[in-house]
There are 2 protein chains.
Amino acid sequence: MPRFVDAAARRREIVEAVKRIVAADGLARVSLREVAGEAGLVVGSVRHYFETAEELRVYAFSAVAEAVAERVETQDDVVAQLCQLLPLDEERAVDLCVFTAFRLAARTDPALLPVADAAHARVASAIGGSVLDAMPGADREQLVAEAERLLATADGLALHALVHGRWLDADLCLAVVRAQAATIGPSPTL
Amino acid sequence: MPRFVDAAARRREIVEAVKRIVAADGLARVSLREVAGEAGLVVGSVRHYFETAEELRVYAFSAVAEAVAERVETQDDVVAQLCQLLPLDEERAVDLCVFTAFRLAARTDPALLPVADAAHARVASAIGGSVLDAMPGADREQLVAEAERLLATADGLALHALVHGRWLDADLCLAVVRAQAATIGPSPTL
DNA sequence: CACGTGGAAGCACGGCCGTGCTGTCACGGG
DNA sequence: CCCGTGACAGCACGGCCGTGCTTCCACGTG
């Protein structure tokens, strides 16, 4: 055999390059040439690992989605879970920024949609488990609605923090998430 | 003067074409050629009204943002306000889809950022007014956090509905928004 | 020492993009 | 009548894009 290379590590490096590009300039700049340049490679080398541009996008999305979902699933406190969905530090900010960009793109790109759905299902399921602990007697419908209420707040908060970062600091994010978590339970009047 | 044309109407038609393209295929397909084709014009004609592609994008974003903000501001009930931010009917779905796409793009496009900030400020201010009615004694910090909590939930819900539309119907959206509105008030335990 | 194979690099093509610029009308005021 | 002007149309250029294909290089095995 000729010289051997850790293909998985190379793929990881390429994904990191994709993440840097999306975080800095958005999904539009994710082209084979840009990614190769950012990763210090040439187009041919990137295409050795990802035959087409779509394959690269799907792989990068899957990698980021896996990281986000895994982070949420390994928390046992609801507030801690939701905090994994907020750009409270640099690592999370980059991941969530890339994750959100790909998620929105999944609306019109059939290749990305299954990845987005799978990630959403994993996160929602994790949150749902925590809600179940807080509301033991709730039926399935209430559970789904309550989990969605928490998840939507976190995702909306993340969106606002990413876009209007200047007006929404980490302290406010935390305060909002804590206030939201404090409202878990059966609706007071409905 | 030579033949005169309602320039404002033409611009409106072009913006409608942009909205249709974004709703169907995302921001990436918004090019002068695609927009011209969708509007039944040629590139030169579109450029007669918008000299550059960036000018077209900023104008379209402003138009959609104005529509969304105006809709929220003309409601007096909190739930009704938040419902303007949900894709509960076709018109709102298209507008919010385009609005969200441009908002995310504003993170990396300096020309779009002021429009996004202005729209966010208008909507947040409207929601804040309703929150003030429900919490007369609250200080400014609580007010901001509470308004952000409501707004984030609505925006996150809209994002989920747009991307994972199959799993999130209008009934669930409404139920979540109503449950969220029922939690307005000082935090029970903090 | 040769040789084949996997990794890397690069070329070439067609396509879409924005945009500067010029051409073609229909019109109403002089 | 004609001529300037606003509205529209189109061409041409350079740039970036994805991708099929070929070429080059380093090496462990035979």
Side-chain angles (χ1 to χ4, degrees), chain A residues 1-22 24-62 101-102 105-106 108-112, chain B residues 1-22 24-62 101-102 105-106 108-112:
Chain A
M1 281 172 210
R3 56 178 158 173
F4 43 153
V5 164
D6 188 345
R10 269 266 193 272
R11 277 178 220 262
R12 247 180 281 128
E13 288 172 23
I14 294 174
V15 167
E16 286 304 313
V18 171
K19 284 165 62 177
R20 284 195 296 272
I21 292 175
V22 175
D25 295 318
L27 262 188
R29 289 265 168 92
V30 176
S31 68
L32 286 177
R33 282 167 178 83
E34 292 279 345
V35 172
E38 178 68 33
L41 303 171
V42 294
V43 177
S45 301
V46 176
R47 289 191 59 210
H48 182 73
Y49 297 96
F50 303 99
E51 287 205 6
T52 70
E54 179 181 86
E55 189 181 329
L56 169 59
R57 282 191 295 262
V58 171
Y59 186 89
F61 185 22
S62 303
F102 273 117
T108 53
D109 187 339
L112 299 177
Chain B
M1 282 175 207
R3 56 178 160 171
F4 43 151
V5 163
D6 188 345
R10 269 267 192 270
R11 279 178 219 260
R12 248 179 280 129
E13 288 172 22
I14 294 174
V15 167
E16 287 303 315
V18 171
K19 285 165 61 176
R20 283 196 296 272
I21 291 174
V22 175
D25 295 317
L27 261 188
R29 290 265 168 92
V30 176
S31 68
L32 288 176
R33 281 168 177 82
E34 291 280 346
V35 172
E38 178 68 33
L41 303 172
V42 294
V43 177
S45 301
V46 176
R47 290 192 57 211
H48 183 72
Y49 296 96
F50 303 100
E51 287 207 5
T52 70
E54 179 181 86
E55 189 181 329
L56 169 59
R57 283 190 294 263
V58 170
Y59 187 89
F61 185 21
S62 303
F102 273 118
T108 53
D109 187 339
L112 300 177

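Residue numbers start from 1 in every chain, and the chains themselves are labelled A, B, ... in the order their sequence lines are given, proteins ahead of strands. Values in this document were obtained by computation on a predicted structure and should not be read as measured data.
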Show the numbers, then the answer: is there a side chain to side chain contact (heavy atoms under 4.5 Å, CB included) between R57(A) and F50(A)?
CA-CA 9 Å; R57(A) 282 191 295 262; F50(A) 303 99; over 6 Å; no
Taking only N/O atoms, report every protein-nucleotides 12-17 of chain C pair under 3.5 Å with atom names and distance.
from	atom 1	to	atom 2	distance (Å)
dC17(C)	OP1	S31(B)	OG	2.7

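When rounded to the nearest whole Å, the span between CZ of R10(B) and P of dG6(D) equals 17 Å. One interatomic measurement links the two molecules: CD of E13(B) to P of dA7(D), which rounds to 14 Å at whole-angstrom precision. Rounded to an integer number of Å, the gap from CD of E51(B) to C1' of dT19(C) is 11 Å.
The side-chain hydrogen bond (donor to acceptor under 3.5 Å, both in side chains) analysis of residues 31-47 of chain A, with sequence neighbours excluded, yields the pairs R20(A)-E38(A).
For A17(A) against V35(A), the heavy-atom pair with the smallest separation is CB-O, 4.0 Å. Between F61(A) and L112(A) the shortest heavy-atom distance is CE2-O, 3.4 Å. Residue T108(A) comes nearest to G26(B) through the heavy atom pair CG2-N, 3.7 Å, listed as atom of the first residue, atom of the second, then distance. Closest heavy-atom contact between V46(B) and L32(B): CG1-CD2, 4.0 Å. Of all non-hydrogen atoms in L27(B) and A105(B), the two that sit nearest each other are CD1-CB, 3.6 Å.
Axis angle between the ends of the helix from dC1(C)-dG30(D) to dG30(C)-dC1(D), five pairs each and rounded to 10 degrees, works out to 30°.
Shown here are the side-chain hydrogen bond (donor to acceptor under 3.5 Å, both in side chains) partners of E54(A), two or more places apart in sequence or in another chain: there are none. Remark: Y49(B) engages no residue in a ring-ring contact (aromatic ring centres under 6.0 Å, His included) (not counting sequence neighbours).
Annotation: proximity of residues 37-50 of chain B to DNA chain D (heavy atom, distance under 4.0 Å) is found for V42(B), G44(B), S45(B), H48(B), Y49(B), numbered in ascending order.
In this structure, E55(A) places its CD atom where more than 12 heavy-atom neighbours from other residues, nucleotides or ligands lie under 6.0 Å away.
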